[in-house]
2 protein chains.
Amino acid sequence: MNKDKILEDRFPGRRAALKREILEHALYCFNELGVEATTIDAIKARCDTSVGAIYHHFGNKEGILSTLFFAAQDDQRQNLEHELAKTNSLREAIYSIVSSYLDWVVAQPEWARFLYQARSPVAKGPFRQELKVRNAQNYQELKEKLLSFENKDIKIVQPFEIIPSLIVGPSENYCRAWLANRVRTSPRDYREEFSESAWRSLQR
Amino acid sequence: MNKDKILEDRFPGRRAALKREILEHALYCFNELGVEATTIDAIKARCDTSVGAIYHHFGNKEGILSTLFFAAQDDQRQNLEHELAKTNSLREAIYSIVSSYLDWVVAQPEWARFLYQARSPVAKGPFRQELKVRNAQNYQELKEKLLSFENKDIKIVQPFEIIPSLIVGPSENYCRAWLANRVRTSPRDYREEFSESAWRSLQR
DNA sequence: TCTTAAACAGAATAATATTCTTTTATTGCA
DNA sequence: TGCAATAAAAGAATATTATTCTGTTTAAGA
């Protein structure tokens, strides 16, 4: 299954089997019950282990949460990077960013749901610094990539800081709605619409 | 001060003074420490009251959270409704939605910050049904308003379910970034850019 | 095989949320 | 005004949950 790949890629081997097990069930609990309502006991019960094992691997609840969060974010970023590398124009890049975002959410709905709800706690918790660094890095890489394209013909909105919001804002908003069952249609079905709209929104 | 108006409008009178006091300080704690890390004791200490008083007014922690959440959401919605009522064309409506959103966030940064971080917990908690109903209502009203405008000349993207995401997605994304200090420039400074971009993104 | 470090278990403790009982203040009404 | 009746508030008692600690087992490398 695809879901497990995110964990197996990052915590490989027989030795980390329980670690992956705990993470998998913790993900389920966080999504099902919410972050605060998920107790260590509930996770323990679901994967039939001990508090000792959980605390050995993660230190505390925040540790489980952050491990999951960074694993998900990293997978999403890798996916984007991979798709973005193929592009050769700004227009292609926009399409690639939007499409890979929508595809990832649809392929990993549980991870995506978690990513949305865990951001705030992680941003406030003991790993906020790591989150900041990662965000800054991702932002820089994206900026360099996008600015590397020459644009003779087309005028793009200024300044750069609003551009990421214009590109992914609508897709993100729709994906949240989809994951919360407020809309039914899969985000993938709107790849064209969101890509083209993003592209139009950038031009001036 | 403006901040208090949200509470005074909804919990008026001398009798509710402590209730407002608790809410005000709880808002501060939730934003400062995060929802889960905020203890009843911390709130109690900050407004120099007793656990009995807190539980008398709100039942439990979730009650405080939900009361704050719905107060904020309601104020934001009222603001939008008020601005939207003045409009007479689709284009005006788009501008009004975007502008009132940006203005509200800038006017009430603490409430906006809270709204973003409290959505998930409320959606999972005992008030999820009320949240659902409110969302459905707001969605219906917006839909009716937007579809009420005739559009002879301009073709708009289909179907309707992606339109709200196209309109507010970018603004929302940017406001989040601003409240997290990832960007410096006030969202208000980009009223024109976000309004025009939204409008362009809708046309096909 | 032996040593060492990691993995795991579960009882003990600490922190936190919630309940319950009592006291005090406020309102509505005779 | 005075008198229920109800709401507000306090804080001790309890229940729930997170975390620590100590001991035991397991696996890897020498």
Side-chain angles (χ1 to χ4, degrees), chain A residues 7-8 10-69 118 120-122 124-127, chain B residues 7-8 10-69 118 120-122 124-127:
Chain A
L7 292 176
E8 271 165 31
R10 286 164 184 81
F11 309 101
R14 191 164 54 87
R15 206 91 197 266
L18 179 59
K19 187 165 188 172
R20 290 196 301 273
E21 183 87 356
I22 294 167
L23 287 170
E24 186 187 324
H25 290 295
L27 176 66
Y28 177 88
C29 290
F30 285 138
N31 276 339
E32 208 63 19
L33 313 168
V35 172
E36 186 161 11
T38 293
T39 67
I40 300 294
D41 233 55
I43 297 171
K44 188 196 82 171
R46 257 190 82 84
C47 38
D48 191 36
T49 180
S50 63
V51 289
I54 294 176
Y55 278 86
H56 168 71
H57 284 292
F58 303 104
N60 53 31
K61 194 174 161 183
E62 187 68 39
I64 310 174
L65 198 81
S66 303
T67 303
L68 281 171
F69 182 85
S120 281
V122 173
K124 296 268 161 59
F127 294 91
Chain B
L7 292 176
E8 271 164 31
R10 286 163 185 83
F11 309 100
R14 190 167 50 86
R15 204 92 195 269
L18 179 58
K19 188 166 191 171
R20 290 197 302 272
E21 183 87 355
I22 294 169
L23 287 170
E24 186 188 325
H25 290 295
L27 175 67
Y28 176 89
C29 289
F30 285 138
N31 276 339
E32 207 63 20
L33 312 168
V35 172
E36 187 162 10
T38 294
T39 67
I40 299 295
D41 232 56
I43 298 171
K44 187 195 83 172
R46 256 191 82 85
C47 39
D48 192 37
T49 179
S50 63
V51 288
I54 295 177
Y55 278 84
H56 168 71
H57 283 293
F58 303 104
N60 53 30
K61 195 174 160 183
E62 187 67 39
I64 310 174
L65 197 79
S66 303
T67 304
L68 282 171
F69 182 85
S120 281
V122 174
K124 296 269 161 57
F127 295 91

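Just so it is clear: chains get the letters A, B, ... in the order the sequence lines come, proteins before strands, and each one is counted from 1.
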| request: Please state how far atom NZ in B/K44 lies from atom P in C/dT18, giving the value in whole angstrom units. | output: 15 Å
| note | Considering only heavy side-chain atoms of A/R14, the closest of D/dA28, C/dA9, C/dT18 is D/dA28
| said: Below the 4.0 Å mark, does C/dC8 have OP1 or OP2 next to a side-chain nitrogen or oxygen of A/H57? | reply: yes
| field | Rounded distance in Å - CD (A/E21) to C1' (C/dA9) | value | 17 Å
| Should A/E62 and A/P126 count as side-chain neighbours, where that means a heavy-atom distance under 4.5 Å? | yes
| field | Whole-Å distance separating the CG atom of B/L18 from the P atom of C/dT26 | value | 12 Å
| note | Here the distance between atom P of D/dA18 and atom CG of A/L65, to the nearest Å, is 12 Å
| task | Choose from D/dT17, D/dA28, D/dA9 the nucleotide whose nearest atom is closest to any side-chain atom of A/R15. | result | D/dA28
| query | Does some side-chain heavy atom of B/F58 sit less than 4.5 Å from a side-chain heavy atom of B/L23? | reply | yes
| request: Take the C1' atoms of the five end pairs on each side of the helix from C/dT1-D/dA30 to C/dA30-D/dT1, get both axes, and report the angle to 10 degrees. | output: 20°
| Hey, is the side chain of B/T39 poking within less than 4.0 Å of OP1 or OP2 on C/dA15, counting only N and O atoms? | no
| remark: Out of D/dT19, C/dC8, D/dA10, minimum distance to the side chain of A/A53 belongs to C/dC8
| Out of curiosity, A/L27 CG to A/L65 CG, how far, rounded to the nearest 0.5 Å? | 10.0 Å
| query | Given that B/G52 and B/A16 both sit by DNA chain D, which one's nearest nucleotide is further toward the 5' end? | reply | B/A16
| task | Return the nearest nucleotide to the side chain of A/S50; candidates are C/dT19, C/dC8, D/dT19. | result | C/dC8
| note | Here the distance between atom C1' of D/dA18 and atom CD of A/E36, to the nearest Å, is 12 Å
Give the table of side-chain donor-acceptor pairs shorter than 3.5 Å for residues 41-51 of chain A, with sequence neighbours excluded, one pair per line with atom names and distance.
| residue | atom | partner | partner atom | Å |
| --- | --- | --- | --- | --- |
| A/R46 | NE | A/H25 | ND1 | 3.3 |
| A/R46 | NH2 | A/H25 | ND1 | 3.4 |
| A/S50 | OG | A/A53 | N | 3.2 |

| said: Using side chain to side chain contact (heavy atoms under 4.5 Å, CB included), reason through B/L33 and B/T39 one step at a time and then give a plain yes or no. | reply: CA-CA 9 Å; B/L33 312 168; B/T39 67; over 6 Å; no
| query | Counting side-chain heavy atoms from CB outward, which of C/dT18, D/dT19, D/dA8 is closest to B/H56? | reply | D/dA8
| query | Considering only side-chain heavy atoms of B/I40, which listed nucleotide, C/dT18, D/dT20, C/dT27, is closest? | reply | C/dT18
| query | Separation of A/Y55 atom OH from C/dA12 atom P, in whole Å? | reply | 18 Å
Check residues 12-19 of chain A and write down every donor-acceptor pair under 3.5 Å in which the side-chain atom is one partner and the other belongs to a residue at least two apart or another chain.
none

| said: Whole angstroms only, please: what is the CD1-C1' distance between A/I43 and D/dA18? | reply: 11 Å
| query | How close or far is atom P of C/dA9 from atom CG of A/D41, stated in whole angstroms? | reply | 14 Å
